[in-house]
Asker: 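The structure is given below, and queries will be raised subsequently.
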2 protein chains.
Amino acid sequence: MPHPAKDCRRSDCPVSFTLDLLGDKWTLLVVRDILFKDKKFYGDFLSSEEGIATNILADRLEKLDQTGILTWEKDPNHGSKYIYHLTEKGLDLLPMLLEMILWGAKHDPQTAAPRKFIQAVKKNREGVIREIREKLR
Amino acid sequence: MPHPAKDCRRSDCPVSFTLDLLGDKWTLLVVRDILFKDKKFYGDFLSSEEGIATNILADRLEKLDQTGILTWEKDPNHGSKYIYHLTEKGLDLLPMLLEMILWGAKHDPQTAAPRKFIQAVKKNREGVIREIREKLR
DNA sequence: CTGTATCCTTAGGGATACTG
DNA sequence: CAGTATCCCTAAGGATACAG
């Protein structure tokens with residue numbers, strides 16, 4: 001059952017549903033790290049510049065797993081314990097994240113979003129989506 | 001300065017920026033109500049099925065105003081005190097909200113999203129965006 | 001190092017009372 | 001009715017210690 005139980009969903013509205021799963025300040029940063037920064041290890045996420053706390057990170061990884069957005073597997077090289085990656089459901093978040101990036105880049109005067117990437121998304125949204133999905137598959 | 005002060009932004013990443021402003025379980029529900037449900041009065045928002053508390057609503061309206069996403073004006077008919085509406089910056093959230101709807105509708109088995117609307121968005125995203133923007137202007 | 005668990009403070013937010 | 005303010009509790013989450 002990769003979705004909230006009856007008593008933790010506030011309504012059947014899709015916006016509300018999405019917010020029930022992802023509506024906080026940290027969860028989507030983990031998704032962002034995987035989608036756009038090729039991160040896959042626990043320490044990768046920990047070292048992101050926003051400075052997520054280790055308990056928060058562990059909690060979010062577990063919740064993302066429970067909701068079927070992310071999974072992990074043992075690291076064969078054993079440099080790390082696990083390799084985290086998105087499921088199809090998680091990869092489906094890419095368009096939403098891209099819109100968040102466009103909105104943030106447009107309205108944040110001190111954004112650090114790379115101009116080239118923003119232009120690429122504006123010019124060829126579907127292409128960028130396909131490319132990133134391919135890379136992560 | 002319609003954006004977070006230096007000490008409340010976690011990084012210059014556009015995703016992080018967007019989450020700093022909108023990353024909680026309630027704020028985007030108000031935006032949704034305006035964009036898709038033609039709500040404009042305090043009581044409209046209060047009566048949404050998710051059941052936002054009055055103090056939370058007041059707080060979010062104020063924050064959305066501080067960040068330049070929403071404004072209000074006196075209601076000339078005085079049925080209500082104020083009429084709330086989105087700024088251009090707020091209307092710019094529409095594409096992101098649409099992606100949230102698509103994702104929620106796809107992955108929530110008990111979604112209440114109208115099939116026709118979902119199809120319309122998939123088929124003619126830009127058209128839907130233009131139409132809704134026009135209506136709210 | 002990777003990941004887990006504990007402690008403890010603050011902030012989010014529900015219930016409800018209050019004002020115009 | 002529209003909107004504000006208070007009370008109070010729970011949960012989010014920062015710091016940090018601990019285990020493999």
Side-chain angles (χ1 to χ4, degrees), chain A residues 4-5 7-11 16 19-31 33-34 37-67 70-85, chain B residues 4-5 7-11 16 19-31 33-34 37-67 70-85:
Chain A
D7 57 317
C8 45
R9 55 183 297 146
R10 294 172 292 174
S11 80
S16 160
L19 291 175
D20 284 340
L21 266 52
L22 304 165
D24 73 281
K25 298 220 182 301
W26 294 108
T27 306
L28 285 176
L29 293 185
V30 176
V31 177
D33 283 348
I34 302 180
K37 308 197 171 185
D38 296 313
K39 302 198 172 185
K40 36 172 84 71
F41 302 117
Y42 194 89
D44 289 341
F45 307 125
L46 260 194
S47 69
S48 283
E49 56 181 342
E50 289 84 9
I52 192 170
T54 113
N55 55 336
I56 305 299
L57 175 57
D59 177 79
R60 293 310 190 275
L61 287 172
E62 189 187 328
K63 281 186 173 140
L64 285 170
D65 173 52
Q66 286 168 358
T67 51
L70 165 151
T71 47
W72 57 74
E73 54 193 5
K74 289 194 89 69
D75 180 359
N77 305 332
H78 244 68
S80 294
K81 242 189 203 162
Y82 303 116
I83 300 176
Y84 299 89
H85 54 91
Chain B
D7 55 319
C8 45
R9 57 181 298 147
R10 295 173 290 174
S11 80
S16 160
L19 291 175
D20 284 341
L21 267 52
L22 304 165
D24 73 281
K25 299 220 182 303
W26 293 110
T27 307
L28 284 176
L29 292 184
V30 176
V31 177
D33 283 349
I34 303 180
K37 308 197 170 185
D38 297 314
K39 302 198 172 186
K40 36 171 87 68
F41 303 117
Y42 195 88
D44 289 341
F45 306 126
L46 260 194
S47 68
S48 283
E49 55 179 343
E50 289 85 9
I52 191 170
T54 112
N55 55 336
I56 304 300
L57 175 57
D59 176 78
R60 293 310 190 275
L61 288 171
E62 189 187 328
K63 281 188 174 141
L64 284 169
D65 173 52
Q66 288 169 355
T67 51
L70 166 150
T71 48
W72 57 74
E73 53 194 7
K74 288 192 89 71
D75 178 0
N77 306 331
H78 244 69
S80 293
K81 243 187 201 163
Y82 303 115
I83 300 176
Y84 299 89
H85 54 89

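Chain letters run A, B, ... following the sequence lines, proteins first and then strands; every chain starts at 1. Keep in mind that this is a model prediction, so the values were computed, not measured.
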Asker: Can you check whether Trp72(A) reaches Ile83(A) side chain to side chain, under 4.5 Å on heavy atoms?
Answerer: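 No. Closest side-chain heavy atoms not under 4.5 Å.
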Asker: Please figure out whether Ile83(A) or Lys81(B) has its closest DNA chain C nucleotide nearer the 5' end.
Answerer: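 With Lys81(B) and Ile83(A) compared, the 5'-side residue is Ile83(A).
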Asker: So what does Phe45(B) touch, heavy atoms closer than 4.0 Å: a base, only the sugar-phosphate, or nothing?
Answerer: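 If one applies the 4.0 Å heavy-atom cut-off, Phe45(B) turns out to touch nothing in the nucleic acid.
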Asker: In terms of side-chain heavy atoms of Ala58(B), which of dG14(D), dT4(D), dT6(D) is nearest?
Answerer: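 Nearest listed nucleotide: dT4(D).
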Asker: Quick one: is Trp26(B) getting a side-chain N or O under 4.0 Å of the dG12(C) phosphate, OP1 or OP2?
Answerer: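 Answer is no, no contact under 4.0 Å.
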Asker: Looking at Lys63(B), Arg9(B), Arg10(B), which one forms a salt bridge (Lys or Arg N to Asp or Glu O under 4.0 Å) with Asp20(B)?
Answerer: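 Of all the options given, the one that passes is Arg10(B).
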Asker: Taking atom C1' of dA12(D) as reference, at what distance in whole Å does atom CD1 of Ile52(A) sit?
Answerer: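 Going from CD1 in Ile52(A) over to C1' in dA12(D) covers 12 Å.
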Asker: Report the residue (Asn55(B) or Thr54(A)) whose heavy-atom-nearest nucleotide on DNA chain C is the more 5′ of the two.
Answerer: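 Mapping each residue to its closest nucleotide by heavy atoms, the 5'-most match is Thr54(A).
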Asker: Rounded to the nearest Å, what distance is computed from the OH atom of residue Tyr84(B) to the P atom of nucleotide dA2(D)?
Answerer: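 It is 10 Å, rounded to the nearest whole Å.
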Asker: Over how many whole Å does the gap from Leu57(A) atom CG to dA5(C) atom C1' extend?
Answerer: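 It is 14 Å, rounded to the nearest whole Å.
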Asker: Give the rounded distance in Å between these two atoms: CD1 of Ile56(B) and P of dA5(D).
Answerer: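 Interatomic distance, CD1 of Ile56(B) to P of dA5(D): 15 Å.
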Asker: When you measure from the side-chain N and O atoms of Arg60(A) to the phosphate of dA12(D), is any distance below 4.0 Å, counting only OP1 and OP2?
Answerer: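 For dA12(D), OP1/OP2 do not have a side-chain N/O of Arg60(A) under 4.0 Å.
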Asker: Among dA2(D), dG13(C), dG14(D), which nucleotide sits nearest the side chain of Ser80(B)?
Answerer: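 From the listed options, dA2(D) comes nearest.
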Asker: Can you measure Tyr82(B) atom OH to dC1(D) atom P for me and round it to whole angstrom units?
Answerer: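 Distance, rounded to whole Å: 18 Å.
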Asker: Taking all heavy atoms of Leu21(A) and all of Thr27(A), pick out the closest pair and write down the distance.
Answerer: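 Taking every non-hydrogen atom into account, O-CG2, 4.4 Å.
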Asker: Roughly, in whole Å, what's the span from CG in Leu46(B) to C1' in dT16(C)?
Answerer: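 Taking atom C1' of dT16(C) as the reference, CG of Leu46(B) is at 13 Å.
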Asker: Between atom CG in Asp59(B) and atom C1' in dG12(C), what is the gap in whole Å?
Answerer: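 To the nearest whole Å, that distance equals 9 Å.
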Asker: Between Leu61(A) and Tyr82(A), is a side chain to side chain contact (heavy atoms under 4.5 Å, CB included) present by the stated rule, with each step listed?
Answerer: CA-CA 12 Å; Leu61(A) 287 172; Tyr82(A) 303 116; over 6 Å; no
Asker: Rounded to whole angstrom units, what separation is found between the CG atom of Asp24(A) and the C1' atom of dG13(C)?
Answerer: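 Taking atom C1' of dG13(C) as the reference, CG of Asp24(A) is at 15 Å.
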Asker: Looking only at side-chain N and O atoms, does Ser48(B) offer a donor or acceptor that is under 3.5 Å from a partner on Lys37(B)?
Answerer: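 No.
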